[in-house]
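Because the structure is predicted, anything quoted here is derived from the model rather than measured. All ligand and atom numbering here is 1-based and tracks the order in the structure. These numbers come from the heavy atoms of this one structure, side chains and all, not from hydrogens, waters or symmetry mates.
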Amino acid sequence: MSAQVEEMEFAAETRQLLDLMIHSVYSNKDSFLRELVSNSSDALDKLRMETYRNKDLAADTSDLHIQITLDPEARTFTLSDNGIGMSRAEVVDLIGTLAKSGTAEVRKKLKEAKDSAASEELIGQFGIGFYSTFMVADKVTLLTRKAGEEQATRWESAGEGTYTIEDVADAPQGTTVTLHLKPADAEDDLHDYASVSQIRQLVKKYSDFISWPIRMDVPVPPAPPAPEKDGDSETDGDSESDAESEKVAESAPTHTTETLNSQKALWTRPRSEVTDEEYAEFYRHVSHAWDDPLEIIPMKAEGTFEYQALLFIPSTAPFDLFMREHKAGVQLYVKRVFIMDDCEELMPEYLRFVKGLVDAQDLSLNVSREILQQDRQIKAIRRRLTKKVLSVIKDLRANDREKYDTLWSQYGRVLKEGLLQDVDNRDALLAITSLSSTHSVDTATSLAEYVERMKDTQSQIFYATGESREQIERSPHLEAFKAKGLEVLLLTDPIDEMWIQSIPDFEGKPLQSVAKGEVDLSDEADKEDDEKKDNEQFAELLTWLTGVLVDDVSQVRLSSRLTDSAACIVGEAQSLSPALEKMYRDSGIPMPESKRILELNPDHALTSGLRQAFADRGDDAALRETAELLYGAALLAEGGSPKQPAAFSKTLADLLTRTVTAPEPSA
Ligand SMILES: Nc1ncnc2c1ncn2[C@@H]1O[C@H](COP(=O)(O)OP(=O)(O)OP(=O)(O)O)[C@@H](O)[C@H]1O
């Protein structure tokens, strides 16, 4: 007996996505099979885990498997599992809507995905899972009953604006998905998915390693005709034996059940025996991805803690890598039995983009998260995996620069979090960290490479932080470094501001911000004399300026970092940069307003003119205005803005007006 059929609408972005799928330009239509098998395999894993945890669960686990049934006449493809199944609410939530975490991002990307290449990339990036069935079917029916529940649910949709959902009283445990297939179209890469040979081949290709049996009923080829006896002629009928053989033929089964996959756990096989394509399929299965892995990392450890691991670095970063909901990517198995997804205990947070699995030999099958957090073995595995991933990245940097560059462009920002979080691996992390520098626009540098290029007279590693390379390069702080040919690291990731503060030196060379403290760039022998002379000459002006600008700066002093500009603003040696202060403030951490230092270029005409004017006229209103403008202009030059832009611009306008107003004729 079935209850009322309810028609529901897909959310707007789900509809858009379905539209994209149905009119899909995505060339690999076969992927729907991988997605369905993956979902069923997960559902079987979940059921097995659930029965470990909940002994009272009324579920049948006697023959967990996946079954494929083809009906070439009705043109249907059916895949069922007797796994965990879904409740009605779960069907609405999981099948009727997109994963919530991605919704906003998907919406944005959908809007942008105007051409076929963009939508292909979109499908690849998000992995559209169950919806991929609409690439090959014009109607999809899903019948599911959650293990332990009586009520089942039927869901059906033609992939347009709506779907129907109804309660069904009677259905086997697990999920059955029936696809009403579109006509095969070789030109569109739409194969005949009601064909036994096609499905046999695709399961082998995509899902051979799935640990559950994937079965299919296949027709038994007709038995070869019995050999004719000697001397028998066509007319010479032995009617009794003919009837006998007919009976046998009638009762002979027309179908037999074939298991299509070898079920061999890929991670237990030596690397030399597994093809890259098999690894790639396995990666797509474990990580629900649609792309190829950038790097495959098989590992095997024997001894005290025995385990095997198969890790992957995906070629593209997931859209939610920096979102709170992002899940860690490594699964835990114990003796080939799936235990849990997203096992955070196996990987540090900054390697959260790594996918794959660890199969540990000596853990208990009902190990819980709480136990894992304390487990010595898990901690040891995590240490080993971390070191291995970092050493693989280091090797890529040395031997496959193109791959490393892709990796760094995708994950560099996350890896830099490690510089703050993982003190034990800081050296390894620094060895794989690439930073922009004034040395080259095209190629980033490591700290070690920077040190190799350092001049003999140079004792510090210089760096500048800012929003972009262009902005930093225009900053007055860099002038003298440019003039003297000193290399400066250009750090533009917000996280750079943080880790750089936590690393005082590299190979004994202190890291020095070009915008902080006093930098000593003079290499002439007589620099001390020059400085002394300058300081004496400018002493009164500097004291007066410090007084005029007392609300804004802690001090006004002469600079050795400027060649072209008249002034710049710098921080105290140990201070936080304005950007970092802002970051803390934005995240709710109270930060006292800190004053910085105004530095003047003693060789600039404006500075020397100001000194002369002050010597001639002393403190007057016009000179005070010049001091305010000088300070405001220095803020603008570093990419900041005066505290009161309107006042600044008015003072500037007044000054400019005076330059164009004809002087009063003298009496
Ligand atoms: N055969 C099934 N049995 C039980 N639950 C299922 C089954 N198929 C799908 N689901 C549920 O529906 C959810 C959505 O499936 P879908 O294939 O769309 O996405 P996914 O597999 O979670 O992720 P991705 O989009 O990355 O492939 C699954 O996470 C699972 O909870």
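When non-hydrogen atoms are compared, ligand 1 lies under 4.0 Å from the backbone of His288 as well as from its side chain.
Note on Asp375 versus Lys379: no salt bridge recorded, every NZ/NE/NH1/NH2 to OD/OE distance being 4.0 Å or above.
Close contacts between ligand 1 and Glu35 involve ligand atoms 27 (O) [criterion: under 4.0 Å to a heavy atom]. Below 4.0 Å from some heavy atom of Asp81 lie the following atoms of ligand 1, by number and element: 1 (N). Residue-ligand proximity, Leu94 to ligand 1, at heavy-atom distances under 4.0 Å covers atoms 11 (C), 12 (O), 13 (C), 14 (C), 31 (O). Proximity to Ile95 (heavy-atom distance under 4.0 Å) selects the following atoms of ligand 1: 12 (O).
Judged by distance alone, the side chain of Thr406 and the main-chain N or O of Glu402 form a donor-acceptor pair under 3.5 Å.
Evaluated for a salt bridge (Lys or Arg N to Asp or Glu O under 4.0 Å) with Arg88, the options Glu6, Glu166, Glu149 yield exactly one hit, Glu6.
A side-chain N or O of Tyr193 and one of Asp30 form a donor-acceptor pair less than 3.5 Å apart.
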- Chi angles and distances behind the salt bridge (Lys or Arg N to Asp or Glu O under 4.0 Å) call for Arg75, Asp192: CA-CA 9 Å; Arg75 293 217 35 84; Asp192 182 2; 3.2 Å; yes

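An N or O contact shorter than 3.5 Å links Phe130 to ligand 1 by distance.
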